[in-house]
Number of protein chains: 2
Amino acid sequence: MSNCSHCIMKRFNALKTLTHDELERFSDHKTSLIIKKGENIMTEGNSINGLYCIQDGKCKLTKLNTNGKEQIIKFVKGGDILGHRSILSEEPVGLNATALEDMRVCFIPKGDILDSIKDNPQFSLNLIRNISLQLSHANTAISQMAQKPVKDRLAETLLSLEEIFGVDNEDCIDVILTREEIANTIGTATESAIRLLSNLKKDGVIDLLGKKIKILNKNALKNISEGY
Amino acid sequence: MSNCSHCIMKRFNALKTLTHDELERFSDHKTSLIIKKGENIMTEGNSINGLYCIQDGKCKLTKLNTNGKEQIIKFVKGGDILGHRSILSEEPVGLNATALEDMRVCFIPKGDILDSIKDNPQFSLNLIRNISLQLSHANTAISQMAQKPVKDRLAETLLSLEEIFGVDNEDCIDVILTREEIANTIGTATESAIRLLSNLKKDGVIDLLGKKIKILNKNALKNISEGY
DNA sequence: TCCTAATTATGACAATTGTCATTTATTTTT
DNA sequence: AAAAATAAATGACAATTGTCATAATTAGGA
């Protein structure tokens, strides 16, 4: 099994402040998992006793609404961590993390994380910053969901997906989502999402190649996302 | 000037874990402020160098959208604290805090807070939990804004306002908001909020006494908020 | 108090968005 | 490769929500 000291994860996020010794301790106790597309890493309401480090692959964080609809709150990819909020707050997990493709994930037991939090103030501060930044993003999302029309939110979401996942060798946004998942991200009916995507294509702002989406005119999208 | 050791604040939130010595230190360095209705305690984008303890009065936390509309993210009242997110994350303030009525507020300099965070792990953990809980609420709000119709969101908001502020001696929700502020909370046009409030009154679910709102049938509101 | 300004309320209409039905295309399974 | 299942696309229509105009009411200042 690979060693945390050499893991790409330690270049990212809060983990980059961990010492060699701490990483060795993680190595000794960690377990590596393969999560298949469609499976959950974490499930809303469950409690967890450790931190998940995403080595590779993409997943969606979702919340099931009282009306039974799925809302996608956030996308997560290699280099990100999951579960730290739940560890720190000692609350159950608030969101489902569902793999969008096969994933490689490491699980580090809660005890080791708490030890590092105690010993390494910089580590715990970075965890707090991570949560704090998420709160800031969430507040922005509330505002946009509440006040922007669906078309603007779609434009915003496409830009944000390219920002998060980058583009592949054909300049398409490098993530595969169903139209339903796009609809569940912006908070609209699947048919509406499909129609608005078609309109954007007709206007030459994006191109649709099967499920792949290519942004042709980023400025136009930015303008649409701001209501012009 | 009053002493933090005897302040009602210390019964609430993260502050309840502070020691007598810490509270004395706070007392020595704190400043008391009166914030008039309509004035800002904090302003979006500004940096702050301390923690605000709300002694008395109510305020709204808002975000200005790119389209110029105000979105109300959260309501805050006596016993709550403001600014800890910004202190911990070392980022500028993300929201405007605007007084809904005259307020009494204490300001405790950042240095004292950071000292307590370092010395008192329980205090810092409680701050994290506070932020973490806010994130959890924010995620729920995203989901509801995205997927629930305006009527449902209004019902939800009325219940939540009564939960937060309680009722006065006439059983009205104990906060005065304009129709525009209600609209900015649920994310709709002022006229729509007015119309839906009128409908709820016509249906006998609430009563409207000027700006005061009285919930007559909490169960009916709960059902509406869940789409029935 | 009266006057002015702001807020609340309501109507009429337009724009947006959702729902249902159906067709076409794509993916998965056999 | 064919069949079955799933997803995407589109039309028709209904429901929701927003905008603009205007009237009624309330609040705040001279």
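Numbered from 1 within each chain, the chains take letters A, B, ... in sequence-line order.
- Listed for the B:Arg104 side chain is no donor-acceptor partner under 3.5 Å among the backbone atoms of B:Ser32.
- At a threshold of 4.0 angstrom between heavy atoms, the contacts of A:Thr188 are confined to the sugar-phosphate backbone, with no base atom among them.
- Between A:Phe107 and A:Tyr52, the ring planes are tilted. Angles from 30° to 60° get that label.
- Atoms CD1 (A:Ile194) and P (C:dA25) sit 14 Å apart, rounded to a whole Å.
- Note that the first and last nucleotides of DNA chain D, 5' to 3', having any atom under 4.0 angstrom from a heavy atom of chain B are D:dT17 to D:dC20.
- Between B:Lys37 and A:Ser198, it is A:Ser198 whose nearest contact on DNA chain D lies nearer the 5' terminus.
- Between the CD atom of B:Glu191 and the P atom of C:dT8 there is a distance of 11 Å, given to the nearest Å.
- In this structure, A:Gln71 contributes its side chain and A:Asn65 its backbone to no donor-acceptor pair below 3.5 Å.
- In this structure, B:Asp80 contributes its side chain and B:Lys77 its backbone to a donor-acceptor pair below 3.5 Å.
- With salt bridges taken as basic N to acidic carboxylate O contacts below 4.0 Å, one links A:Lys58 and A:Glu101.
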Between the protein and nucleotides 5-7 of chain C, list the N/O to N/O atom pairs that are separated by less than 3.5 angstrom.
unit_1, atom_1, unit_2, atom_2, d
C:dT7, O3', B:Lys211, NZ, 3.3

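- Partners of A:Asp171 by salt bridge (charged side-chain N to carboxylate O under 4.0 Å, His left out), not counting sequence neighbours: none found.
- With respect to B:Lys63 and B:Glu70, no salt bridge is recorded, no charged nitrogen being found less than 4.0 Å from a carboxylate O.
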* Intermediate values then yes/no, salt bridge (charged side-chain N to carboxylate O under 4.0 Å, His left out), B:Lys212 and B:Asp174 -> CA-CA 8 Å; B:Lys212 284 280 188 175; B:Asp174 198 13; 3.5 Å; yes

